[in-house]
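Taking it in order: structure first as structure tokens, then the write-up.
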Amino acid sequence: MFFDSWSGLLRVVVVGPLAYVALILFLRVSGKRTLTKLNAFDLVVTVALGSTLSSIVLTKSVALLEGVLALATLIGLQYLITWSSVRSARVRSLVKAEPTLLAHQGQLVEGAMRRQRMTQDDVLSALRSEGLDDLSQAASVVLETDGSISVLKTLSDRVDGLTGVSLPEEFQPAERLS
């Protein structure tokens with residue numbers, strides 16, 4: 001009723017820690033980027049790693065070495081994709097989303113908010129978490145690629161804080177007349 005056999009329990013107690021140690025070692029070797037804040041690509045890899053570890057520990061038909069090889073393959077692919085995305089704009093555009101401007105200079109960017117399924121309440125919540133009580137107090141509000149919301153309280157004239165964020169036409173700086 002509580003378990004199938006003593007050998008099944010013994011397998012979990014022996015294989016579980018071994019697979020866990022292998023996963024930790026692979027993650028340490030692959031570097032910090034493997035476990036950064038999650039964008040969609042990183043989330044998929046993390047879920048796949050968890051699922052694979054679960055299969056190794058709980059599925060009798062998955063041998064420890066097969067499971068460890070599966071973990072190494074997933075981490076190796078993650079490393080290859082991230083290595084490639086640092087070196088290739090094409091790969092980067094396939095793997096990562098761009099940050100999205102939700103509000104700028106006290107105005108909500110309604111179209112962007114609709115596309116990202118964000119509400120005014122989501123933006124106001126982010127403002128409050130930064131100690132602001134009004135949209136006019138924020139220079140910009142950005143939905144980052146990992147799903148977090150950044151609130152920029154001030155921007156320089158060069159708008160460096162928005163590098164990589166597409167500004168809608170209505171917020172483009174006016175050309176200076178000479």
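This one's a predicted model, so the numbers in the text were calculated from it and none came from an experiment.
Few gaps surround CZ on R87; more than 12 heavy atoms of other groups in view lie less than 6.0 Å from it.
Note on L58: it clusters hydrophobically with L49, by side-chain heavy-atom contacts below 4.5 Å among ILVMFWY residues.
In this structure, the separation between OG on S148 and CG on L143 is 7.5 Å, given to the nearest 0.5 Å. Rounding to the nearest 0.5 Å places CD of Q78 at 7.0 Å from OG1 of T46. With values rounded to the nearest 0.5 angstrom, L71 atom CG is found 12.5 Å from Y20 atom OH. In this structure, Q116 CD and L101 CG are separated by 11.0 Å, a value rounded to the nearest 0.5 Å. If you take CZ on R114 and CG on L108, they are separated by 11.0 Å, rounding to the nearest 0.5 Å. Separation of atoms CG (L152) and NE2 (H104) is listed at 9.5 Å; rounding is to 0.5 Å.
Residues A22 and V68 approach most closely at CB-CG2, 3.9 Å, considering heavy atoms. Here the closest heavy-atom approach between residue V15 and residue L64 is recorded as CG1-CD1, 3.9 Å. What you find for P99 and E144 is that their closest heavy atoms are CB-OE1, 3.8 Å.
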Review item, side-chain donor-acceptor pairs of residues 128-136, under 3.5 Å, at least two apart:
| from | atom 1 | to | atom 2 | distance (Å) |
| --- | --- | --- | --- | --- |
| S129 | OG | A126 | O | 2.7 |
| D133 | OD1 | Q137 | NE2 | 3.4 |
| D134 | OD2 | S136 | N | 3.0 |
| D134 | OD2 | S136 | OG | 2.3 |

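Using a 3.5 Å distance cut-off with no hydrogens or angles, the side chains of T59 and S61 do not pair a donor with an acceptor. Looking at D122 and T119, their side chains do bring a donor and an acceptor atom within 3.5 Å of each other.
Side-chain contact between L80 and S84 is present, with heavy atoms from C-beta onward closer than 4.5 Å. Side-chain contact between L23 and I75: present, with at least one pair of heavy atoms (C-beta onward) separated by less than 4.5 Å. Annotation: side chain of L65 is not in contact with side chain of L69 (no heavy-atom distance under 4.5 Å). Side chains of V141 and I149 form a contact here, defined as non-hydrogen atoms less than 4.5 Å apart. Two residues are said to be in side-chain contact when any heavy atoms from C-beta on lie closer than 4.5 Å; S5 and R11 fail this criterion. For the pair R115/T100, no side-chain contact is recorded, criterion being any heavy-atom separation below 4.5 Å from C-beta on.
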